[in-house]
Student: 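One structure, pasted below without further comment.
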Amino acid sequence: MTPILVLDDVSVKLPAGADRSHAMANVSLSLAANEILCVVGESGSGKSMTANAIMRLLPGGVAIDGGRILFEGRNLADVSEAEMRKVRGAGIAMIFQEPMTALNPLRSIGDQIGEMFEIHTDLLAGEIRTRVLALLDEVRIPDPASAIKAYPHELSGGQRQRAMIAMALALDPRVLIADEPTTALDVTTQAQILELIRDLQRRKGTAVLFITHDFGVVAEIADRVAVMSQGRVVEEGTASAVLGNPRHAYTKQLIAAVPPLKAPPPRPLSSDPILTIEHVSKTYRTGGFFGRGQRVTHAVKDVSLVLPKGGTLGIVGESGSGKSTLARCLVRLIDPESGEIRLNGRDLACLTREQMRAETRHIQMVFQDPFASLNPRRKAGEAVAQGLVVHGMPRAQALARAKELFGLVGLDPAATERYPHEFSGGQRQRIGLARALALEPDVLVADEPVSALDVSVQAQVLKLLAELRQRLGLSIVFITHDLRVAAQVCDLVAVMKSGEVVEAGPIGAVFGDPQHPYTQALLASIPGREFGLERVAEQQEG
């Protein structure tokens with residue numbers, strides 16, 4: 001097949017003072033029509049920089065300093081910005097990782113998709129609306145007539161990602177670049193987006209460059225794979241060859257880091273409960289006056305669960321299932337409207353705010369996005385020491401304890417003097433763990449603590465959690481939409497759907513022989529399962 005897009009020995013130089021001189025070094029890749037090439041690697045490997053170089057969307061101070069980027073025979077590295085604007089969208093389109101950031105919050109979805117036609121075509125307003133409705137229907141957004149008027153915040157994560165795909169496909173581009181488009185999505189939504197991209201590629205003959213760090217996604221969608229590390233392509237080949245018989249040590253390491261879906265042998269659990277949740281409910285009411293036209297959402301509905309001392313209880317489900325709302329109820333970031341939450345026998349649900357403040361030392365939370373939960377203006381050590389100071393420890397002693405906690409979670413104690421932006425994603429998650437552990441809690445509530453991390457960093461954080469559980473006697477409530485992760489870290493699991501627990505029990509039993517159709521559907525949606533990625537990972541580990 002004749003390639004549509006060719007990267008020929010491309011290098012991208014970084015500004016002086018960066019960790020390395022080049023974000024991309026002598027990268028050569030090719031992409032043909034009707035083909036999906038997955039570019040895989042960890043954060044900093046150069047995979048997203050490859051996409052940005054093709055689109056000529058490089059940040060300030062970063063520049064292409066060697067090689068050619070040939071699109072239909074023309075070198076994009078040399079064309080003017082005016083010429084490049086004609087290529088973007090019409091010739092090569094891009095789906096960005098985070099649609100909420102990429103979409104304008106002040107403009108409707110219809111306006112933003114329609115802008116593609118306004119800029120690149122002479123279509124009239126009525127024709128543009130017809131095209132936009134057809135695109136929304138093509139990417140399977142329910143009720144396109146309503147969605148066209150909706151603003152980004154009014155759509156779910158999966159719907160926003162579909163809107164981004166519709167925008168990218170508006171002008172029938174020959175090449176589609178998808179930069180981590182499914183990273184933050186739950187398994188069923190992820191499966192739908194992958195199937196949508198694959199279906200559109202087949203029907204339209206589009207060439208797709210798919211960037212990901214998830215080998216499950218690679219197994220599900222790729223025709224060919226290129227593995228990147230430190231700005232270089234270290235391995236390339238067909239998906240079956242790279243996954244089934246990886247040659248490079250880095251590729252083997254990445255595949256081995258994929259958590260298997262099969263749970264390890266069960267650990268003995270204490271018969272004493274440390275946290276008991278009984279008939280907890282939380283309802284949200286939005287819109288309307290005096291109850292008229294009000295929308296009622298039962299975010300958590302009559303949930304009862306038990307966490308044994310020293311155990312890990314996983315709570316899994318799709319976005320909107322109620323798992324994060326339940327987590328916030330447990331630490332009283334939001335108040336449940338009914339039910340009991342007994343920690344060591346004391347009902348947290350009925351405590352006043354002042355009483356709960358004293359009780360927080362016994363139950364702490366690790367948040368999904370450590371960067372958003374850390375104050376960018378405060379040093380990392382101060383963030384960890386803050387809880388200790390609030391609970392009466394002198395500041396100097398608290399900062400000394402913060403250094404000890406940095407060592408406990410595998411960070412350099414001297415790094416307490418650095419600010420959050422100076423750490424990687426995995427390191428920031430370790431800071432979040434250190435902050436939560438500062439008060440020596442009995443229960444740790446971890447809300448999606450590894451969902452945005454590379455597989456190898458994810459494996460390190462999960463190993464750290466297991467070690468801390470063993471060493472400190474922690475009991476953990478682990479919220480996740482990643483069933484592979486749940487299988488490896490949880491003793492017990494509760495599956496939530498529409499605010500209710502539909503199935504619960506030991507992780508091996510629930511995942512090994514799921515009884516509820518929803519649990520069965522979740523497990524069936526895991527990317528790479530049909531390929532036998534667990535078997536491949538086990539072989540690499542062995």
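Atom set for the values below is all heavy atoms of this structure, side chains included, hydrogens, waters and symmetry mates excluded. Source: prediction; values computed, not measured.
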Student: Tell me, with the steps shown, if V217 and Q190 meet side-chain contact (heavy atoms from CB on, under 4.5 Å).
Tutor: CA-CA 9 Å; V217 170; Q190 183 182 59; 3.8 Å; yes

Student: Tell me whether Q520 contacts the main-chain N or O of P514 through its side chain, where contact means a donor paired with an acceptor under 3.5 Å.
Tutor: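 A pair under 3.5 Å: yes.
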
Student: Using modelled atom types and a 3.5 Å cut-off, is there a donor and acceptor pairing between side-chain atoms of R224 and backbone atoms of T238?
Tutor: no

Student: Nearest 0.5 Å, please: how far is CG in L169 from CD1 in I197?
Tutor: 8.5 Å

Student: Assess R418 against F423: is NZ or CZ under 6.0 Å from the centre of the six-membered ring, and within 45 degrees of the ring's axis?
Tutor: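 Yes - R418 lies over the ring of F423, closer than 6.0 Å to its centre and within 45° of its axis.
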
Student: Give a yes-or-no answer on whether the side chains of E337 and T283 include a donor-acceptor pair shorter than 3.5 Å.
Tutor: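 Yes, a side-chain donor-acceptor pair sits under 3.5 Å.
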
Student: Have R140 and Q192 got a donor and an acceptor in their side chains that come within less than 3.5 Å?
Tutor: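 Not at all, the side chains of R140 and Q192 share no donor-acceptor pair under 3.5 Å.
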
Student: Give the intermediate values and the outcome of side-chain contact (heavy atoms from CB on, under 4.5 Å) for residues L103 and Y151.
Tutor: CA-CA 9 Å; L103 292 169; Y151 289 86; over 6 Å; no

Student: Please state whether the rings of Y419 and H421 are parallel, tilted or perpendicular, taking 30° and 60° as the class boundaries.
Tutor: parallel

Student: Does a side-chain heavy-atom distance below 4.5 Å link P527 with F215?
Tutor: no

Student: Mind telling me whether H248 and Y250 have parallel, tilted or perpendicular rings, with 30° and 60° as the class edges?
Tutor: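 Y250 and H248: perpendicular rings.
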
Student: Nearest 0.5 Å, what's the CZ-CG distance between R342 and L348?
Tutor: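 One finds 10.5 Å between CZ of R342 and CG of L348.
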
Student: Which atom pair, heavy atoms only, marks the closest approach of K323 to H481?
Tutor: CE-N, 4.1 Å

Student: Applying side-chain contact (heavy atoms from CB on, under 4.5 Å), run through I141 and I109 and close with a yes or a no.
Tutor: CA-CA 12 Å; I141 286 185; I109 293 297; 5.7 Å; no

Student: For the CZ atom of F210 and the NZ atom of K47, what is their distance to the nearest 0.5 Å?
Tutor: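 Going from the CZ atom of F210 to the NZ atom of K47 covers 12.0 Å.
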
Student: Are side-chain N/O atoms of D513 and Q515 paired as donor and acceptor at under 3.5 Å?
Tutor: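 The answer is yes; a qualifying pair exists.
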
Student: At what distance, to the nearest 0.5 angstrom, does CG of L437 lie from CG of L405?
Tutor: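 One finds 7.0 Å between CG of L437 and CG of L405.
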
Student: Decide, yes or no, whether a salt bridge links R328 with D447 under the criterion of side-chain N to carboxylate O below 4.0 Å.
Tutor: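 Judged by the 4.0 Å cut-off on N to carboxylate O distance, R328 and D447 do form a salt bridge.
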
Student: Write down the atom of A239, the atom of V225, and the distance for their closest heavy-atom approach.
Tutor: CA-CG2, 3.7 Å

Student: Can you tell me how far apart CG (L411) and NZ (K403) are? Round to the nearest 0.5 Å.
Tutor: 12.5 Å

Student: Is it the case that the side chain of R435 and the backbone of G381 share a donor-acceptor pair, with hydrogens and angles ignored and the cut-off at 3.5 Å?
Tutor: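 Judged by distance alone, no pair lies under 3.5 Å.
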
Student: Do K282 side-chain atoms and D335 backbone N/O form a donor-acceptor pair below 3.5 Å?
Tutor: yes

Student: Check the side chains of D302 and S281 for a donor-acceptor pair under 3.5 angstrom, ignoring hydrogens and angles.
Tutor: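 No, no side-chain donor-acceptor pair sits under 3.5 Å.
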
Student: Test your reading of the model: is there a side-chain donor-acceptor pair from E500 to the backbone of K497, 3.5 Å cut-off?
Tutor: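 Judged by distance alone, no pair lies under 3.5 Å.
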
Student: Taking all atoms of both residues into account, what is the closest heavy-atom pair of E340 and V280, and its distance?
Tutor: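 Taking E340 first and V280 second, the nearest heavy atoms are O-CG2, 3.5 Å.
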
Student: Could you walk me through whether V39 and M228 pass the side-chain contact (heavy atoms from CB on, under 4.5 Å) check?
Tutor: CA-CA 7 Å; V39 179; M228 291 191 71; 3.6 Å; yes

Student: Roughly how far, to the nearest 0.5 Å, is the CD1 atom of I476 from the CG atom of L307?
Tutor: 9.0 Å

Student: Salt bridge check: are R401 and E440 linked by an N-O gap of less than 4.0 Å?
Tutor: yes

Student: Using 4.0 Å as the upper bound for N to carboxylate O, is an ion pair formed by E195 and R198?
Tutor: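 Yes, charged N to carboxylate O under 4.0 Å.
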
Student: Hey, are E503 and T519 close enough side-chain-wise for a donor-acceptor pair under 3.5 Å?
Tutor: yes

Student: Specify the closest pair of heavy atoms between A380 and A415, including all atoms of both residues, with the distance to one decimal.
Tutor: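 Smallest heavy-atom distance, with atoms named: CB-O, 4.3 Å.
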
Student: Do H213 and E180 have a side chain donor and acceptor closer than 3.5 Å?
Tutor: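 Result is yes, a qualifying pair exists.
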
Student: Considering non-hydrogen atoms only, spot the tightest contact between C329 and I341 and give its length.
Tutor: O-CD1, 3.5 Å

Student: State whether the side chain of Q161 and the backbone N or O of P181 hold a donor-acceptor pair below 3.5 Å, judged by distance alone.
Tutor: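 Yes, because the side chain of Q161 sits within donor-acceptor range (under 3.5 Å) of the backbone of P181.
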
Student: My understanding is that only one of V242, I36, V40 makes a side-chain contact (heavy atoms from CB on, under 4.5 Å) with V218; could you say which?
Tutor: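 Between V218 and the candidates, side-chain contact (heavy atoms from CB on, under 4.5 Å) is satisfied uniquely by V40.
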
Student: Given side chains that start at C-beta, do those of V208 and E35 come closer than 4.5 Å, heavy atoms only?
Tutor: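 Contact flag for V208/E35 side chains = no.
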
Student: Below 4.0 angstrom, N of the basic side chain to O of the carboxylate: do E359 and R346 qualify?
Tutor: yes

Student: Would you find a donor on one side and an acceptor on the other, under 3.5 Å apart, between the side chain of R430 and the backbone of V409?
Tutor: yes

Student: Is there a donor-acceptor pair closer than 3.5 Å between any side-chain N or O of H516 and the backbone N or O of Y518?
Tutor: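 Indeed, once roles are kept as given, a pair shorter than 3.5 Å links the two residues.
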
Student: Using 4.0 Å as the upper bound for N to carboxylate O, is an ion pair formed by D491 and R267?
Tutor: yes

Student: Heavy atoms only: give me the nearest P308-S475 pair and the separation to one decimal.
Tutor: O-OG, 3.8 Å

